[in-house]
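Please read the structure below before turning to the comments.
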Amino acid sequence: MDEPKTQPIWVLLLSFLGLIFLLKHTAFVLRWLFITFLRPAKNLKKFGSWALITGPTEGIGKSFALELSRKGLNLILVGRNINKLQNVSRDIHSKYPDIQIKIVVVDFSSRDLTVGIRKIEEAIGGLDVGVLINNVGITYPSAKFFHEVDEEIWMNLVRVNIEATTRVTMAVLPGMLKRKKGAIVNIGSGASVVVPSHPLFAIYAASKAYVDQWSRSIHVEYKDQGIDVQCQVPLYVATKMVSKVASIEKSSLFVPSPDAYVRSAVRRIGHGEPRCTPYWSHSIQWCFAYYFIPDFILDDWRLSIGLDRMHASEHL
Ligand SMILES: NC(=O)c1ccc[n+]([C@@H]2O[C@H](COP(=O)([O-])OP(=O)(O)OC[C@H]3O[C@@H](n4cnc5c(N)ncnc54)[C@H](OP(=O)(O)O)[C@@H]3O)[C@@H](O)[C@H]2O)c1
Ligand SMILES: *[C@@H]1O[C@H](CO)[C@@H](O)[C@H](O)[C@H]1NC(C)=O
């Protein structure tokens, strides 16, 4: 008879908070499943009939070239090795004979990029370049303490990862602004976004932090002018670069092949997301690291991988 009919207020409050927490996380997971597996890709031809890709002769860039030509876009391929560029172009033509391809030879580690950028501007003159993939990027040949990195190596890295990406975008953006449409994809890295530090590859990680923050800032600058800027963040992808720095030779569940990675990456273009991790198992790794592993453990883990790599390369 004298049992209370209603719960004390704090129990109600706690249940209410628990419910909100649960709904929030369920919504988060459902949204992720939708975006990652179900949401249809944009028709990229709506941005323009040409795409420009930097570093299209290996790895992720080469897969972008193939996937975008499969989507019916004509290509401007910008790389440093004419033979490799011609080979990629020939491979694409044999699969998709209707695609037009222009080749521009630029070494992005040149001391003076003025000539290279002028060549790019000449190549794109009059073309409606709707998609720009700023893919080119390099890292150290092997893990190194910051003060031991050769000037030649880090200056090249800064030129390729930061200066070239900035200058190529400066060259392509005015045309997009005139046409009021375009999609720009900048390839960042888990090295600057996912882990709290990236010891022994410090300048590489910092260059990718530039790409990330620059990209997200200009996303906001141009989002109301029809131009969608996006920083895509891969974790490990089985390319030449990764075989060097992490001795990963083959693709696996957590390390996709460049083709598998890029199929997901292309589906993310043009949806108005400032930053994304396109590949599903990369998102899971990121989530796991973020929620379950304290920073100091991630720091030590990265350091031990770097030291391993350093010693391996010393014994070559
Ligand atoms: N693979 C990964 O796990 C991973 C993870 C995070 C971020 N990323 C980023 O993804 C992008 C692509 O990486 P990837 O793994 O595909 O690299 P990759 O296999 O080493 O390919 C790099 C591409 O860039 C070109 N390149 C390199 N230096 C150049 C220069 N000085 N001038 C012009 N072109 C140059 C290469 O041309 P050549 O064929 O002539 O060498 C090649 O086409 C990079 O920005 C990288 O930082 C990769
Ligand atoms: C280009 O393709 C030809 C023919 O398949 C091959 O012999 C050559 O080694 C390739 N060149 C490069 C730089 O990959």
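Residue indices begin at 1 and follow the sequence shown. Read the numbers this way: they start at 1 and go in the same order the structure lists the ligands and their atoms.
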For this session: Run the salt-bridge test on R216 and D212 with the 4.0 Å N-O cut-off and return the result as yes or no.
Result: yes
Exercise. Is the shortest distance from a Lys or Arg side-chain nitrogen in E122 or K119 to a carboxylate oxygen in the other one below 4.0 Å?
Worked result: no
For this session: May I have all residue pairs that pass salt bridge (charged side-chain N to carboxylate O under 4.0 Å, His left out) and include part of residues 153-177, sequence neighbours excluded?
Result: E163-R167
Problem set entry | Residue E221 excluded, over 12 heavy atoms near CD under 6.0 Å | yes
Exercise. Hey, is the main chain of I203 close enough, under 3.5 Å, to the side chain of Y140 for a donor-acceptor pair?
Worked result: yes
Problem set entry | Under 3.5 Å donor-acceptor, D228 side chain and G272 backbone | yes
Could you tell me, for ligand 1, which of its N or O atoms are under 3.5 Å from any protein N or O, listing the pairs and their distances rounded to 0.1 Å?
from: ligand 1; atom 1: 1 (N); to: V237; atom 2: O; distance (Å): 3.3
from: ligand 1; atom 1: 1 (N); to: T239; atom 2: OG1; distance (Å): 3.0
from: ligand 1; atom 1: 3 (O); to: L235; atom 2: O; distance (Å): 3.4
from: ligand 1; atom 1: 3 (O); to: V237; atom 2: N; distance (Å): 2.7
from: ligand 1; atom 1: 3 (O); to: V237; atom 2: O; distance (Å): 3.4
from: ligand 1; atom 1: 15 (O); to: T239; atom 2: OG1; distance (Å): 2.5
from: ligand 1; atom 1: 16 (O); to: I60; atom 2: N; distance (Å): 2.8
from: ligand 1; atom 1: 31 (N); to: D107; atom 2: OD1; distance (Å): 2.8
from: ligand 1; atom 1: 31 (N); to: S109; atom 2: N; distance (Å): 3.4
from: ligand 1; atom 1: 32 (N); to: F108; atom 2: N; distance (Å): 2.9
from: ligand 1; atom 1: 37 (O); to: T57; atom 2: OG1; distance (Å): 3.1
from: ligand 1; atom 1: 39 (O); to: T57; atom 2: OG1; distance (Å): 2.6
from: ligand 1; atom 1: 39 (O); to: K84; atom 2: NZ; distance (Å): 2.7
from: ligand 1; atom 1: 40 (O); to: R80; atom 2: NE; distance (Å): 3.0
from: ligand 1; atom 1: 41 (O); to: R80; atom 2: NH2; distance (Å): 2.7
from: ligand 1; atom 1: 41 (O); to: K240; atom 2: NZ; distance (Å): 3.2
from: ligand 1; atom 1: 43 (O); to: G55; atom 2: O; distance (Å): 3.1
from: ligand 1; atom 1: 43 (O); to: T57; atom 2: N; distance (Å): 3.1
from: ligand 1; atom 1: 43 (O); to: T57; atom 2: OG1; distance (Å): 2.7
from: ligand 1; atom 1: 43 (O); to: E58; atom 2: N; distance (Å): 3.3
from: ligand 1; atom 1: 45 (O); to: N135; atom 2: O; distance (Å): 2.8
from: ligand 1; atom 1: 45 (O); to: K208; atom 2: NZ; distance (Å): 2.9
from: ligand 1; atom 1: 47 (O); to: Y204; atom 2: OH; distance (Å): 2.7
from: ligand 1; atom 1: 47 (O); to: K208; atom 2: NZ; distance (Å): 3.2

Exercise. Where does the angle between the aromatic ring planes of Y279 and H282 fall among parallel (under 30°), tilted (30 to 60°) and perpendicular (over 60°)?
Worked result: perpendicular
Distance-only check: which donor-acceptor pairs under 3.5 Å involve side-chain atoms of residues 103-114, not counting sequence neighbours?
from: D107; atom 1: OD1; to: S109; atom 2: N; distance (Å): 2.8
from: D107; atom 1: OD1; to: S109; atom 2: OG; distance (Å): 2.7
from: S110; atom 1: OG; to: D107; atom 2: O; distance (Å): 2.4
from: D112; atom 1: OD1; to: T114; atom 2: N; distance (Å): 3.0
from: D112; atom 1: OD1; to: T114; atom 2: OG1; distance (Å): 2.2
from: D112; atom 1: OD2; to: T114; atom 2: OG1; distance (Å): 3.3

Exercise. Within the distance-only criterion (no hydrogens, no angle test), does the side chain of S217 pair as donor or acceptor with the backbone N or O of Q213 below 3.5 angstrom?
Worked result: yes
Exercise. Under a 4.0 Å heavy-atom cut-off, what residues line ligand 2?
Worked result: N83, K84, N87, R90
